[in-house]
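Report on one structure; see the data block that follows.
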Amino acid sequence: MIELALPAGTIKEAMAAFKAGADAVYFGMKDFSARKGAGNFSAEDLSRIRRYALDNSKKIYITVNTLIDDKDLPRLYETLKTINRYGCDGLIVQDLGVARIVRKDFPSLPLHGSTQLAIHTIAGVKELQSLGFERVVLSRELNLDEIRKIREACPDVELKVFIHGALCYGFSGLCMASHLITNRSANEGSCAQICRSWFVDKETGKRYYPFSLEDLDAGKLVRELMDIGIDSLKVEGRLKGPEYVDAVTRYYRAIIDGRDEKPYKHAVAVSFQRKAGCGFLLPLNPGRERITTGPYPGHRGEKIGRVFDQRGRKILVETNTRIKPYDGLMILIQDKGLDSPYRFSAHPTEQMDGRAILTLPDDEKIPVRSPLYMISDSTLNMKAIEEPRAMMKKSADATVSVWKDSLVISAEGIERKYSINAEESEHSAEDAIRKIFSQSGASDYSLSILSVANNTGLDGYYINPSVLKSIRRDFLSVLEEELRDERSYSPSVVEKAEEFILPPRHLLDGERTPWNTDGVTINGNTYISFPAVRYDEEKVFAEMEEKLKTLNNPIIGLNNTGDILFLKKHPQYRAFADIYMYLPNREAALLLKEEAPSLVGGYLWVERESYEEPWPFTPTIASDYHPPLFISRSCYRHDGLGLDCKGCTRHHTFRAEQNGRNYTIFVDNCNTIVKES
């Protein structure tokens with residue numbers, strides 16, 4: 001049976017998901033989560049949800065899916081130690097440096113590749129698999145046929161696919177818009193959602209939302225994903241509340257179980273949903289519907305009718321939905337080409353077949369035929385779900401030996417002797433010892449008593465229970481102290497390669513792309529880069545092989561994890577980590593160097609200007625380089641501007657403006673790259 005995995009910003013959402021039928025939840029800890037705005041989990045939260053999951057045959061996945069500086073590696077290590085103490089069913093990772101540390105020092109934590117890695121090709125999946133990843137979360141830009149091909153080519157690795165929630169305009173992990181415009185890094189969990197803001201088209205002067213994609217609702221495609229053999233279905237939404245999690249879980253649980261999902265669609269829509277569709281899962285053929293939200297990028301809920309007439313503060317609406325007091329309603333009013341939301345709480349004064357009279361809170365003038373949406377349902381407020389109290393404990397097998405004046409307890413190679421006074425009794429104290437010693441209180445450990453040896457010479461004996469409790473507390477304290485993970489992060493000893501400084505990064509751009517597939521010669525070397533995004537990988541690799549034969553002193557730029565696999569097959573060529581093969585820390589550099597010894601260097605993560613030694617090579621600083629805001633599979637011409645595909649030349653240049661900043665938009669073969677001019 002396919003797994004249904006839901007987001008959990010806090011333990012409340014995790015419990016809502018489990019109670020509604022989710023098989024798994026994923027969440028972040030307080031640090032290194034790509035959703036800084038979520039509540040995220042403390043060590044105590046992790047302990048409680050881990051215990052609940054194990055007791056109820058559920059799974060938990062923890063996101064450590066940001067890019068991490070050298071200076072933050074010691075703090076990362078402490079977070080990994082906490083996760084390792086309680087365990088999880090998967091660690092979702094973007095930074096390959098994190099993967100290297102986990103593989104080396106925390107091998108019991110299963111590695112899962114985050115969608116932030118932009119894995120969308122067979123080679124990308126296979127390379128992660130060779131690095132020890134057990135599961136890969138595929139990019140949200142793939143369609144069903146492409147997913148099927150990856151599944152067939154990679155049968156022995158778990159694949160996870162997004163089925164619901166917000167879609168990013170740019171490839172996850174490759175988006176730089178938030179960093180470039182607001183200095184808030186999406187790769188550190190602080191995305192400012194630039195794609196949801198309006199821009200001005202330079203040709204028409206109109207304001208619009210060209211980069212705001214519709215929400216994903218793949219309910220009608222779930223059965224096909226199951227037939228393909230996908231292992232896990234993932235819902236987006238760690239910033240959303242328990243009502244959303246509950247509604248979406250019940251909706252997809254019904255679909256997976258073969259039940260009617262229609263009763264749950266209303267709750268899904270009113271909990272949170274923009275204009276929704278299948279996103280990229282269906283091929284983006286010419287003439288298709290636009291996959292952007294149109295003139296309003298926010299929560300639409302469920303469309304329930306239109307405004308028919310207005311008399312003062314009373315409006316007559318056409319609707320077949322019964323509107324209840326305190327339902328949340330919204331009317332979209334056109335304002336300079338955009339839709340402006342007018343929200344109010346329902347106070348229906350009269351309802352009849354197909355119509356209702358509503359009272360507005362003020363004198364707002366509502367245009368006739370304006371659509372009416374329900375954005376919250378007053379009857380769907382969730383009752384509080386009790387959170388788990390039991391903590392995760394590590395069980396330690398223990399043996400106990402009792403003498404008249406002493407008790408010896410041994411566990412995990414640790415032995416302690418305690419003074420007691422065993423008094424003769426008609427009954428044995430063994431049951432009391434087992435019961436009291438199996439309790440653990442606030443300790444991370446619990447004792448599993450294998451045997452109690454009676455060396456007192458008495459048939460029956462009594463030990464004061466308060467003495468036994470004191471012994472238990474002390475021994476558990478000793479266990480925690482002796483078994484505490486005292487490890488700390490220490491950089492690997494590396495032999496630094498001969499310094500190789502790459503050219504200023506802007507010299508390596510193509511005419512319309514941030515990579516150059518033709519090659520550019522600088523100081524006797526020819527730099528040629530793989531595209532970070534490609535859909536016919538075999539063709540790209542074959543063309544690169546032929547091109548390399550014609551170049552003098554070629555050096556290959558790696559822009560995706562799959563490129564490492566190409567380099568392994570062609571170790572005769574030198575290579576460098578280009579800007580999308582992120583190098584945020586020395587551990588990521590070490591992993592790349594270990595995987596591809598012919599690597600001569602790379603650009604430091606473009607959002608950083610400094611690093612801390614030791615590194616296996618000197619990274620080239622590229623902080624003055626301005627990469628594109630977006631690299632997208634959505635066609636700006638069709639989806640953003642709403643232009644017809646008929647007669648399209650498939651190659652266009654557009655210009656837009658926002659708050660005094662100018663942008664150039666390149667559209668080539670229905671793909672879009674947006675750069676600041």
Return the [atom1] to [atom2] distance between [X] and [Y], rounded to the nearest 0.5 Å.
{"X": "Q116", "Y": "D95", "atom1": "CD", "atom2": "CG", "result": "11.5 Å"}
{"X": "Y580", "Y": "N560", "atom1": "OH", "atom2": "CG", "result": "12.0 Å"}
{"X": "I556", "Y": "H570", "atom1": "CD1", "atom2": "NE2", "result": "8.0 Å"}
{"X": "Y209", "Y": "C195", "atom1": "OH", "atom2": "SG", "result": "12.0 Å"}
{"X": "T620", "Y": "Y625", "atom1": "OG1", "atom2": "OH", "result": "14.5 Å"}
{"X": "D45", "Y": "M29", "atom1": "CG", "atom2": "CE", "result": "8.0 Å"}

[X] atom [atom1], neighbour heavy-atom count above 12 within 6.0 Å:
{"X": "E511", "atom1": "CD", "value": "no"}
{"X": "N523", "atom1": "CG", "value": "no"}
{"X": "E538", "atom1": "CD", "value": "no"}
{"X": "E498", "atom1": "CD", "value": "no"}
{"X": "E486", "atom1": "CD", "value": "yes"}
{"X": "E609", "atom1": "CD", "value": "no"}

Stepwise side-chain hydrogen bond (donor to acceptor under 3.5 Å, both in side chains) check, S212 with T292: CA-CA 5 Å; S212 177; T292 46; over 6 Å; no
Step-by-step salt bridge (charged side-chain N to carboxylate O under 4.0 Å, His left out) determination, K240 to E236: CA-CA 9 Å; K240 298 183 177 76; E236 181 275 339; 3.3 Å; yes
Side-chain donor/acceptor of S598 to backbone N/O of Y573, under 3.5 Å: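 A pair under 3.5 Å: yes.
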Main-chain N/O of G229 paired with R151 side-chain donor or acceptor, under 3.5 Å: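 Pair found, side chain donor or acceptor close to backbone of G229.
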Specify the closest pair of heavy atoms between [X] and [Y], including all atoms of both residues, with the distance to one decimal.
{"X": "L583", "Y": "L604", "value": "O-CD1, 3.4 Å"}
{"X": "F541", "Y": "A123", "value": "CE1-CB, 3.9 Å"}
{"X": "P297", "Y": "R274", "value": "O-NE, 2.7 Å"}
{"X": "N65", "Y": "S114", "value": "CB-OG, 3.9 Å"}
{"X": "I528", "Y": "L548", "value": "CG2-CD2, 4.1 Å"}
{"X": "S529", "Y": "F576", "value": "OG-CZ, 3.7 Å"}

So, [X] versus [Y]: side-chain donor-acceptor pair below 3.5 Å or not?
{"X": "N585", "Y": "E612", "answer": "no"}
{"X": "D639", "Y": "S634", "answer": "yes"}
{"X": "S677", "Y": "T664", "answer": "yes"}
{"X": "K202", "Y": "N662", "answer": "yes"}
{"X": "Y582", "Y": "E607", "answer": "no"}
{"X": "R196", "Y": "T293", "answer": "no"}
{"X": "R574", "Y": "N553", "answer": "no"}

Contacts of type side-chain hydrogen bond (donor to acceptor under 3.5 Å, both in side chains), residue T653, not counting sequence neighbours: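 Only R512 meet the side-chain hydrogen bond (donor to acceptor under 3.5 Å, both in side chains) criterion with T653.
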Candidates E158, E3, K59 - the one meeting side-chain hydrogen bond (donor to acceptor under 3.5 Å, both in side chains) with S232: E3
Of N669, N143, N671, the residue whose pairing with Y535 passes side-chain hydrogen bond (donor to acceptor under 3.5 Å, both in side chains): N671
Do the charged groups of [X] and [Y] touch, with an N to O distance under 4.0 Å?
{"X": "E676", "Y": "R655", "result": "no"}
{"X": "E78", "Y": "K81", "result": "yes"}
{"X": "E595", "Y": "K568", "result": "yes"}

How would you list, by chain and number, every residue that makes a ring-ring contact (aromatic ring centres under 6.0 Å, His included) with [X], sequence neighbours excluded?
{"X": "H506", "result": "none"}
{"X": "H638", "result": "none"}
{"X": "F211", "result": "Y169, F199, F630, Y636"}
{"X": "Y86", "result": "none"}

Sub-6.0 Å ring centroid separation between Y61 and H112: yes
From CA spacing to verdict: side chain to side chain contact (heavy atoms under 4.5 Å, CB included), L641, Y208: CA-CA 8 Å; L641 298 179; Y208 61 141; 3.4 Å; yes
Worked verdict on C670 versus L284 for side chain to side chain contact (heavy atoms under 4.5 Å, CB included): CA-CA 9 Å; C670 306; L284 300 182; over 6 Å; no
Residues D89, R135; criterion salt bridge (charged side-chain N to carboxylate O under 4.0 Å, His left out); working and verdict: CA-CA 11 Å; D89 298 289; R135 175 179 286 185; over 6 Å; no
Step-by-step side-chain hydrogen bond (donor to acceptor under 3.5 Å, both in side chains) determination, D70 to W615: CA-CA 10 Å; D70 288 311; W615 272 57; 3.0 Å; yes
Full working for side-chain hydrogen bond (donor to acceptor under 3.5 Å, both in side chains) between D69 and Y611: CA-CA 7 Å; D69 289 332; Y611 61 97; over 6 Å; no
Test salt bridge (charged side-chain N to carboxylate O under 4.0 Å, His left out) applied to R75 and D31, step by step: CA-CA 9 Å; R75 191 159 53 91; D31 291 320; 3.2 Å; yes
Determine all donor-acceptor pairs shorter than 3.5 Å in which one atom belongs to a side chain in residues 102-111; sequence neighbours excluded.
unit_1	atom_1	unit_2	atom_2	d
R103	NH1	L131	O	3.2
D105	OD2	Y77	OH	2.7
S108	OG	N84	OD1	3.1

Cation-pi, F666 ring and K675 (6.0 angstrom, 45 degrees):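 Verdict for F666: no cation-pi partner in K675.
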Residues R100, E594; criterion salt bridge (charged side-chain N to carboxylate O under 4.0 Å, His left out); working and verdict: CA-CA 10 Å; R100 184 178 188 274; E594 290 163 353; 2.6 Å; yes
Pairwise side-chain contact, F617 with K496, heavy-atom cut-off 4.5 Å (strictly under): no
